[in-house]
Amino acid sequence: MKDHHIGNMKALILVGGYGTRLRPLTLSRPKPLVEFGNKPMMLHQIEALVEAGVTQIVLAVSYRAELLEQELKVQEEKLGVTITFSYEEEPLGTAGPLALAREILGSNDEPFFVLNSDVICDFPFKDMARFHKNHGREGTIVVTKVEEPSKYGVVVYHPESGKIDSFVEKPQEFVSNKINAGLYIFSPSMLNRIQLRPTSIEKEVFPHMAADSNLYAMELQGFWMDVGQPKDFLTGMCLYLTSLKQKGGHLLHHGDGVLGNVLVDPSAKIGRNCRIGPNVTIGPDVVIEDGVCIKRCTVLKGAVIKSHSWLNSCIIGWRCHVGRWVRMENVSVLGEDVTVKDEIYINGGRILPHKSISESVPDPQIIM
(Lines give C-alpha, C1' and ligand atoms only; values in the text may rest on other atoms or scores of the structure.)
Protein backbone atom coordinates (compact mmCIF):
# COMPACT_ATOMS: atom_id res chain seq x y z
CA MET A 1 0.00 0.00 0.00
CA LYS A 2 1.52 3.30 -1.03
CA ASP A 3 1.96 5.93 1.66
CA HIS A 4 -1.26 7.89 1.48
CA HIS A 5 -0.01 11.43 0.78
CA ILE A 6 -3.01 13.52 1.57
CA GLY A 7 -3.83 15.41 -1.60
CA ASN A 8 -5.91 18.52 -1.70
CA MET A 9 -7.01 18.48 1.92
CA LYS A 10 -8.27 21.46 3.87
CA ALA A 11 -7.99 22.61 7.46
CA LEU A 12 -9.77 25.08 9.72
CA ILE A 13 -7.90 26.67 12.62
CA LEU A 14 -10.10 28.07 15.40
CA VAL A 15 -8.44 31.35 16.38
CA GLY A 16 -11.42 33.04 18.00
CA GLY A 17 -11.05 36.27 19.94
CA TYR A 18 -8.43 38.58 21.36
CA GLY A 19 -6.29 36.13 23.30
CA THR A 20 -7.07 37.80 26.63
CA ARG A 21 -5.56 34.90 28.61
CA LEU A 22 -2.13 35.72 27.22
CA ARG A 23 -2.14 39.39 28.06
CA PRO A 24 -0.08 41.59 28.25
CA LEU A 25 1.63 40.04 25.17
CA THR A 26 -1.57 39.99 23.12
CA LEU A 27 -2.08 43.71 23.67
CA SER A 28 0.75 44.21 21.14
CA ARG A 29 0.05 41.52 18.58
CA PRO A 30 -2.52 38.83 17.81
CA LYS A 31 -1.94 35.67 19.82
CA PRO A 32 -1.19 33.47 16.76
CA LEU A 33 1.82 35.73 16.05
CA VAL A 34 3.29 35.61 19.56
CA GLU A 35 6.50 33.58 19.20
CA PHE A 36 6.61 30.17 20.84
CA GLY A 37 10.00 28.48 20.50
CA ASN A 38 11.15 31.43 18.33
CA LYS A 39 8.40 30.90 15.77
CA PRO A 40 4.91 32.49 15.62
CA MET A 41 2.62 30.14 17.52
CA MET A 42 0.41 29.51 14.52
CA LEU A 43 3.33 28.64 12.25
CA HIS A 44 3.91 25.42 14.18
CA GLN A 45 0.45 24.30 13.08
CA ILE A 46 0.52 25.67 9.55
CA GLU A 47 3.92 24.11 8.75
CA ALA A 48 2.76 20.73 10.08
CA LEU A 49 -0.45 20.92 8.00
CA VAL A 50 1.47 21.81 4.84
CA GLU A 51 3.95 19.02 5.55
CA ALA A 52 0.98 16.59 5.65
CA GLY A 53 -0.22 17.80 2.23
CA VAL A 54 -2.92 20.30 3.20
CA THR A 55 -3.39 22.86 0.42
CA GLN A 56 -5.98 25.21 1.89
CA ILE A 57 -6.22 26.59 5.43
CA VAL A 58 -9.11 28.63 6.82
CA LEU A 59 -8.56 30.80 9.89
CA ALA A 60 -11.73 31.35 11.90
CA VAL A 61 -11.39 34.71 13.66
CA SER A 62 -13.92 36.87 15.46
CA TYR A 63 -12.14 40.20 15.02
CA ARG A 64 -10.46 42.10 12.14
CA ALA A 65 -6.82 41.15 12.27
CA GLU A 66 -4.85 43.19 9.76
CA LEU A 67 -1.51 42.26 11.29
CA LEU A 68 -2.40 38.58 11.12
CA GLU A 69 -3.46 38.90 7.48
CA GLN A 70 -0.24 40.67 6.49
CA GLU A 71 1.99 38.12 8.22
CA LEU A 72 0.13 35.15 6.78
CA LYS A 73 0.26 36.58 3.23
CA VAL A 74 4.03 36.29 3.58
CA GLN A 75 3.76 32.70 4.87
CA GLU A 76 1.29 31.78 2.12
CA GLU A 77 3.89 32.64 -0.54
CA LYS A 78 6.67 30.92 1.35
CA LEU A 79 4.83 27.68 2.05
CA GLY A 80 2.77 27.43 -1.12
CA VAL A 81 -0.57 27.11 0.66
CA THR A 82 -3.83 29.06 0.34
CA ILE A 83 -4.81 30.79 3.60
CA THR A 84 -8.28 32.34 3.86
CA PHE A 85 -9.84 34.27 6.70
CA SER A 86 -13.35 33.53 7.86
CA TYR A 87 -14.68 36.45 9.93
CA GLU A 88 -17.46 35.97 12.47
CA GLU A 89 -19.80 38.92 13.03
CA GLU A 90 -20.50 37.48 16.47
CA PRO A 91 -18.41 34.82 18.24
CA LEU A 92 -19.72 31.46 16.99
CA GLY A 93 -18.15 29.15 19.57
CA THR A 94 -16.26 26.06 18.43
CA ALA A 95 -18.82 24.62 15.97
CA GLY A 96 -20.39 27.70 14.32
CA PRO A 97 -17.17 28.54 12.43
CA LEU A 98 -17.42 25.21 10.56
CA ALA A 99 -20.84 26.20 9.26
CA LEU A 100 -19.51 29.63 8.29
CA ALA A 101 -16.71 27.99 6.25
CA ARG A 102 -18.96 25.22 4.88
CA GLU A 103 -18.45 26.24 1.23
CA ILE A 104 -14.72 25.66 1.47
CA LEU A 105 -14.63 22.70 3.86
CA GLY A 106 -17.33 20.73 2.08
CA SER A 107 -16.25 21.47 -1.48
CA ASN A 108 -14.93 17.95 -2.14
CA ASP A 109 -15.22 14.49 -0.57
CA GLU A 110 -11.91 14.69 1.25
CA PRO A 111 -11.99 14.83 5.04
CA PHE A 112 -10.79 18.10 6.61
CA PHE A 113 -8.83 18.97 9.76
CA VAL A 114 -10.06 21.28 12.53
CA LEU A 115 -7.73 22.48 15.27
CA ASN A 116 -7.53 24.81 18.20
CA SER A 117 -4.93 27.55 17.67
CA ASP A 118 -3.45 27.30 21.20
CA VAL A 119 -2.34 23.69 21.00
CA ILE A 120 1.32 22.69 20.75
CA CYS A 121 2.30 19.04 20.20
CA ASP A 122 3.93 16.80 17.60
CA PHE A 123 1.06 17.24 15.16
CA PRO A 124 0.09 13.77 13.85
CA PHE A 125 -1.86 14.88 10.78
CA LYS A 126 -0.83 12.01 8.48
CA ASP A 127 -1.64 9.44 11.17
CA MET A 128 -5.01 11.13 11.75
CA ALA A 129 -5.89 10.86 8.04
CA ARG A 130 -4.91 7.19 7.98
CA PHE A 131 -6.81 6.36 11.20
CA HIS A 132 -9.88 8.25 9.97
CA LYS A 133 -9.91 6.47 6.60
CA ASN A 134 -9.58 3.11 8.35
CA HIS A 135 -12.69 3.44 10.52
CA GLY A 136 -14.62 5.20 7.76
CA ARG A 137 -17.02 7.12 10.05
CA GLU A 138 -17.73 10.86 10.38
CA GLY A 139 -15.17 12.06 12.86
CA THR A 140 -11.92 11.47 14.72
CA ILE A 141 -10.85 13.30 17.87
CA VAL A 142 -7.24 13.18 19.03
CA VAL A 143 -7.01 12.48 22.76
CA THR A 144 -4.11 12.97 25.17
CA LYS A 145 -3.42 11.58 28.62
CA VAL A 146 -3.46 13.93 31.63
CA GLU A 147 -2.40 13.48 35.25
CA GLU A 148 -5.47 15.14 36.80
CA PRO A 149 -8.53 14.15 34.75
CA SER A 150 -10.91 15.74 37.31
CA LYS A 151 -9.98 19.21 35.96
CA TYR A 152 -11.13 18.35 32.41
CA GLY A 153 -13.85 16.77 30.35
CA VAL A 154 -12.68 13.23 29.64
CA VAL A 155 -13.36 10.94 26.70
CA VAL A 156 -14.50 7.35 27.26
CA TYR A 157 -13.84 4.99 24.33
CA HIS A 158 -13.08 1.40 23.35
CA PRO A 159 -9.32 0.89 23.60
CA GLU A 160 -9.19 -1.54 20.65
CA SER A 161 -11.29 0.25 18.04
CA GLY A 162 -11.21 3.81 19.38
CA LYS A 163 -15.02 4.12 19.12
CA ILE A 164 -16.18 6.82 21.55
CA ASP A 165 -18.92 5.96 24.05
CA SER A 166 -19.29 9.15 26.01
CA PHE A 167 -17.86 12.35 27.41
CA VAL A 168 -17.74 13.01 31.15
CA GLU A 169 -17.28 16.58 32.39
CA LYS A 170 -14.82 16.92 35.34
CA PRO A 171 -15.27 13.33 36.63
CA GLN A 172 -15.27 12.96 40.43
CA GLU A 173 -14.15 9.35 40.32
CA PHE A 174 -11.85 7.84 37.72
CA VAL A 175 -13.52 6.98 34.40
CA SER A 176 -10.71 7.90 32.00
CA ASN A 177 -7.55 10.00 31.91
CA LYS A 178 -7.83 10.86 28.23
CA ILE A 179 -8.98 14.34 27.25
CA ASN A 180 -9.85 16.02 23.96
CA ALA A 181 -6.57 17.46 22.59
CA GLY A 182 -8.26 20.00 20.29
CA LEU A 183 -7.29 18.27 17.00
CA TYR A 184 -9.98 16.73 14.79
CA ILE A 185 -10.53 15.28 11.35
CA PHE A 186 -14.04 15.10 9.88
CA SER A 187 -15.75 13.78 6.78
CA PRO A 188 -17.73 16.54 4.99
CA SER A 189 -21.08 14.84 5.81
CA MET A 190 -20.49 15.93 9.41
CA LEU A 191 -21.21 19.54 8.35
CA ASN A 192 -24.92 18.66 8.10
CA ARG A 193 -24.98 18.46 11.90
CA ILE A 194 -24.00 22.12 12.38
CA GLN A 195 -26.04 25.28 12.08
CA LEU A 196 -24.75 28.81 11.61
CA ARG A 197 -25.16 29.98 15.18
CA PRO A 198 -23.02 30.08 18.32
CA THR A 199 -22.52 26.38 19.12
CA SER A 200 -20.09 24.30 21.14
CA ILE A 201 -18.74 21.38 19.13
CA GLU A 202 -17.73 19.62 22.36
CA LYS A 203 -21.09 19.87 24.11
CA GLU A 204 -23.66 20.09 21.30
CA VAL A 205 -22.18 18.11 18.39
CA PHE A 206 -19.80 15.42 19.63
CA PRO A 207 -22.26 13.67 22.01
CA HIS A 208 -24.71 13.15 19.10
CA MET A 209 -21.97 11.87 16.82
CA ALA A 210 -20.84 9.45 19.54
CA ALA A 211 -24.41 8.26 20.09
CA ASP A 212 -24.56 7.37 16.38
CA SER A 213 -21.23 5.47 16.62
CA ASN A 214 -19.77 8.09 14.30
CA LEU A 215 -16.93 9.42 16.46
CA TYR A 216 -13.58 7.77 17.13
CA ALA A 217 -10.62 8.63 19.38
CA MET A 218 -6.98 8.44 18.31
CA GLU A 219 -4.32 8.57 21.03
CA LEU A 220 -1.65 11.25 20.69
CA GLN A 221 1.97 10.17 21.01
CA GLY A 222 4.36 12.57 22.69
CA PHE A 223 3.77 15.84 24.50
CA TRP A 224 0.75 18.14 24.40
CA MET A 225 -0.05 21.55 25.88
CA ASP A 226 -2.60 24.30 25.49
CA VAL A 227 -0.28 27.31 25.65
CA GLY A 228 -2.98 29.99 25.75
CA GLN A 229 -1.92 31.42 29.13
CA PRO A 230 1.51 32.36 30.55
CA LYS A 231 1.92 29.52 33.08
CA ASP A 232 1.05 26.88 30.46
CA PHE A 233 3.05 28.72 27.80
CA LEU A 234 6.19 28.18 29.91
CA THR A 235 5.31 24.55 30.71
CA GLY A 236 4.65 23.97 27.00
CA MET A 237 8.01 25.54 26.13
CA CYS A 238 9.79 23.03 28.42
CA LEU A 239 7.97 20.12 26.76
CA TYR A 240 8.66 21.51 23.29
CA LEU A 241 12.39 21.93 23.98
CA THR A 242 12.56 18.37 25.35
CA SER A 243 10.91 17.15 22.17
CA LEU A 244 13.46 19.08 20.04
CA LYS A 245 16.21 17.39 22.05
CA GLN A 246 14.68 13.95 21.37
CA LYS A 247 14.55 14.68 17.65
CA GLY A 248 18.32 15.16 17.53
CA GLY A 249 18.49 18.59 19.12
CA HIS A 250 20.67 20.23 16.44
CA LEU A 251 18.61 23.41 16.93
CA LEU A 252 19.50 23.61 20.60
CA HIS A 253 22.31 25.86 21.78
CA HIS A 254 25.53 24.70 23.39
CA GLY A 255 28.18 26.89 24.92
CA ASP A 256 29.72 28.18 28.13
CA GLY A 257 27.23 28.44 30.94
CA VAL A 258 24.40 26.80 28.97
CA LEU A 259 22.57 24.13 30.97
CA GLY A 260 19.95 21.73 29.59
CA ASN A 261 17.68 22.55 26.66
CA VAL A 262 18.19 26.09 25.41
CA LEU A 263 17.12 27.61 22.08
CA VAL A 264 18.99 30.76 21.05
CA ASP A 265 18.51 32.79 17.88
CA PRO A 266 21.88 33.21 16.10
CA SER A 267 21.57 37.00 16.22
CA ALA A 268 21.32 37.11 20.03
CA LYS A 269 24.37 38.18 22.07
CA ILE A 270 25.21 36.56 25.40
CA GLY A 271 27.86 38.02 27.74
CA ARG A 272 30.44 36.30 29.96
CA ASN A 273 29.80 34.23 33.09
CA CYS A 274 26.10 33.79 32.39
CA ARG A 275 24.04 30.78 33.44
CA ILE A 276 21.40 30.14 30.79
CA GLY A 277 18.99 27.22 31.19
CA PRO A 278 17.54 24.79 31.61
CA ASN A 279 14.50 25.49 29.41
CA VAL A 280 15.18 28.90 27.95
CA THR A 281 14.24 30.40 24.56
CA ILE A 282 16.08 33.54 23.46
CA GLY A 283 14.78 35.42 20.43
CA PRO A 284 16.46 37.47 17.68
CA ASP A 285 18.56 40.56 18.55
CA VAL A 286 18.33 39.91 22.29
CA VAL A 287 21.27 41.22 24.34
CA ILE A 288 22.17 39.51 27.60
CA GLU A 289 24.99 41.15 29.54
CA ASP A 290 27.59 39.53 31.81
CA GLY A 291 26.70 37.46 34.84
CA VAL A 292 23.01 37.02 34.05
CA CYS A 293 21.17 33.90 35.26
CA ILE A 294 18.06 32.82 33.29
CA LYS A 295 16.04 29.65 33.70
CA ARG A 296 12.65 28.53 32.40
CA CYS A 297 12.04 31.76 30.47
CA THR A 298 11.17 33.02 27.03
CA VAL A 299 12.92 36.24 26.02
CA LEU A 300 11.36 37.81 22.91
CA LYS A 301 12.98 39.76 20.07
CA GLY A 302 15.08 42.81 20.85
CA ALA A 303 14.97 42.61 24.66
CA VAL A 304 18.00 43.70 26.69
CA ILE A 305 18.88 42.14 30.05
CA LYS A 306 21.59 44.03 31.92
CA SER A 307 24.34 42.48 34.01
CA HIS A 308 23.78 40.22 37.04
CA SER A 309 20.03 39.97 36.71
CA TRP A 310 18.27 36.73 37.72
CA LEU A 311 15.16 35.52 35.88
CA ASN A 312 13.14 32.38 36.58
CA SER A 313 9.78 31.44 34.95
CA CYS A 314 9.23 34.70 33.08
CA ILE A 315 8.22 35.88 29.66
CA ILE A 316 10.11 39.02 28.64
CA GLY A 317 8.27 40.90 25.87
CA TRP A 318 9.65 42.43 22.69
CA ARG A 319 12.20 45.26 23.15
CA CYS A 320 11.99 45.23 26.93
CA HIS A 321 14.86 46.64 28.96
CA VAL A 322 15.63 44.86 32.24
CA GLY A 323 18.14 46.69 34.46
CA ARG A 324 21.11 45.43 36.50
CA TRP A 325 20.71 43.15 39.53
CA VAL A 326 16.99 42.72 38.82
CA ARG A 327 15.26 39.60 40.14
CA MET A 328 12.08 38.34 38.43
CA GLU A 329 10.22 35.09 39.07
CA ASN A 330 6.93 33.24 39.47
CA VAL A 331 5.45 33.65 35.96
CA SER A 332 6.13 37.35 35.62
CA VAL A 333 5.27 38.67 32.17
CA LEU A 334 6.51 41.94 30.69
CA GLY A 335 4.48 43.34 27.80
CA GLU A 336 6.22 44.99 24.86
CA ASP A 337 8.82 47.72 25.52
CA VAL A 338 8.72 47.66 29.33
CA THR A 339 11.64 49.14 31.26
CA VAL A 340 12.57 47.66 34.63
CA LYS A 341 14.99 49.87 36.60
CA ASP A 342 18.09 48.46 38.38
CA GLU A 343 17.77 46.31 41.52
CA ILE A 344 14.00 45.77 41.23
CA TYR A 345 12.21 42.59 42.40
CA ILE A 346 9.15 41.37 40.44
CA ASN A 347 7.17 38.40 41.74
CA GLY A 348 4.38 37.20 39.43
CA GLY A 349 3.80 40.66 37.99
CA ARG A 350 2.00 41.21 34.67
CA ILE A 351 3.26 44.52 33.33
CA LEU A 352 1.42 46.29 30.51
CA PRO A 353 3.32 47.52 27.41
CA HIS A 354 5.50 50.67 27.50
CA LYS A 355 5.55 50.95 31.32
CA SER A 356 8.60 51.86 33.35
CA ILE A 357 8.92 49.97 36.64
CA SER A 358 10.90 51.84 39.30
CA GLU A 359 9.49 50.12 42.40
CA SER A 360 9.43 46.42 43.24
CA VAL A 361 6.32 44.32 42.65
CA PRO A 362 6.47 41.88 45.58
CA ASP A 363 3.07 40.24 44.98
CA PRO A 364 1.45 38.83 41.84
CA GLN A 365 -0.55 41.69 40.29
CA ILE A 366 -1.25 43.52 37.07
CA ILE A 367 0.55 46.83 36.61
CA MET A 368 -1.53 49.07 34.36
Side-chain angles (χ1 to χ4, degrees), residues 13-46 59 61-72 75 116-120 225-241 263-265 268 279-288 294-305 311-322 326 328-340 346-357 361 364-368:
I13 303 179
L14 297 162
V15 178
Y18 290 103
T20 49
R21 295 185 307 156
L22 202 52
R23 283 182 182 159
L25 300 171
T26 45
L27 295 170
S28 300
R29 60 178 62 192
K31 184 174 59 185
L33 297 184
V34 173
E35 295 89 349
F36 176 90
N38 280 351
K39 185 191 290 187
M41 215 184 272
M42 175 163 280
L43 214 48
H44 291 272
Q45 289 148 346
I46 291 177
L59 301 189
V61 273
S62 51
Y63 62 101
R64 291 299 310 188
E66 285 78 10
L67 205 61
L68 197 51
E69 289 187 32
Q70 284 165 19
E71 177 59 34
L72 290 178
Q75 296 304 334
N116 185 328
S117 68
D118 294 348
V119 166
I120 289 289
M225 200 72 207
D226 174 323
V227 296
Q229 50 194 348
K231 177 165 121 336
D232 298 337
F233 183 99
L234 289 169
T235 303
M237 175 195 68
C238 299
L239 295 169
Y240 172 72
L241 293 176
L263 191 60
V264 180
D265 186 274
N279 298 310
V280 171
T281 301
I282 293 175
D285 308 323
V286 166
V287 176
I288 291 172
I294 305 182
K295 49 190 162 181
R296 205 171 180 277
C297 290
T298 287
V299 184
L300 296 171
K301 182 182 163 92
V304 175
I305 295 168
L311 310 179
N312 185 4
S313 292
C314 300
I315 305 175
I316 307 297
W318 309 273
R319 305 197 328 279
C320 283
H321 192 281
V322 175
V326 166
M328 287 177 58
E329 62 189 343
N330 191 15
V331 196
S332 290
V333 185
L334 302 184
E336 179 180 24
D337 175 43
V338 166
T339 300
V340 178
I346 299 179
N347 171 29
R350 305 279 159 96
I351 318 290
L352 268 65
H354 315 298
K355 292 270 164 265
S356 179
I357 301 296
V361 182
Q365 55 178 294
I366 296 170
I367 306 290
M368 309 289 276

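From a predicted model like this one, the values you see are computed outputs, not experimental measurements.
Side-chain contact between Val338 and Pro353 is absent, with no heavy atoms from C-beta onward closer than 4.5 Å. Looking at heavy atoms from C-beta onward, Lys31 lies out of side-chain contact with Leu68 at the 4.5 angstrom threshold. Under the 4.5 Å side-chain criterion, counting only non-hydrogen atoms from C-beta, Tyr240 is not in contact with Met225. Between Thr281 and Asp265, the closest side-chain pair of non-hydrogen atoms is not below 4.5 Å. Residues Ile315 and Leu25 are in side-chain contact: their nearest non-hydrogen atoms beyond the backbone lie under 4.5 Å apart. Residues Glu329 and Leu311 have side chains not in contact (no heavy-atom distance under 4.5 Å, counting atoms from C-beta outward). Side-chain contact between Met328 and Leu334 is present, with at least one heavy-atom pair separated by less than 4.5 Å. Considering only heavy atoms from C-beta on, Arg350 comes within 4.5 Å of Val331 through its side chain.
A donor-acceptor contact closer than 3.5 angstrom links the side chains of Gln229 and Asp232. Side chains of Gln75 and Glu71: a donor on one and an acceptor on the other come within 3.5 Å.
Nearest approach of Pro24 to Val333, heavy atoms of both residues: CD-CG1, 3.7 Å. Across all non-hydrogen atoms, the minimal contact from Gly283 to Ala268 is O-CB, 3.6 Å. Nearest approach of Phe36 to Val227, heavy atoms of both residues: CE1-CG1, 3.8 Å. Leu234 and Cys297 make their closest contact through CD2-CA, 4.2 Å (heavy atoms, listed as atom of the first residue, atom of the second, distance). The heavy-atom pair separating Ser28 from Trp318 by the smallest distance is CB-CZ3, 3.9 Å. Annotation for Val280 and Leu241: closest pair N-CD1, 3.8 Å, computed over non-hydrogen atoms.
The CZ atom of Arg21 sits 5.0 Å away from the CG atom of Asp118 when rounded to the nearest 0.5 Å. His321 contributes atom NE2, which lies 10.5 Å from atom CG of Asp337 (distance to the nearest 0.5 angstrom).
Among Asn347, Val340, Ile346, the single residue meeting the side-chain contact (heavy atoms from CB on, under 4.5 Å) criterion with Ser332 is Ile346. The only option from Ile316, Val304, Val287, Val264 that meets the side-chain contact (heavy atoms from CB on, under 4.5 Å) definition with Val299 turns out to be Ile316. Partner of Ser313 under the side-chain hydrogen bond (donor to acceptor under 3.5 Å, both in side chains) criterion, chosen from Lys231, Arg296, Lys295: Arg296.
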Practice prompt. For Ile120 and Asp226, run side-chain contact (heavy atoms from CB on, under 4.5 Å): C-alpha distance rounded to whole Å, both residues' side-chain angles, the deciding distance at 0.1 Å, then the answer.
Written response: CA-CA 6 Å; Ile120 289 289; Asp226 174 323; over 6 Å; no
Item to complete: List the steps, then state whether side-chain contact (heavy atoms from CB on, under 4.5 Å) holds for Ile357 with Thr339.
Response: CA-CA 6 Å; Ile357 301 296; Thr339 300; over 6 Å; no
Worksheet entry | Arg319 vs Glu336, side-chain contact (heavy atoms from CB on, under 4.5 Å): CA-CA, chis, key distance, verdict | CA-CA 6 Å; Arg319 305 197 328 279; Glu336 179 180 24; 2.6 Å; yes
Worksheet entry | CA sep, side-chain torsions, deciding dist, call: Met41, Leu33, side-chain contact (heavy atoms from CB on, under 4.5 Å) | CA-CA 6 Å; Met41 215 184 272; Leu33 297 184; over 6 Å; no
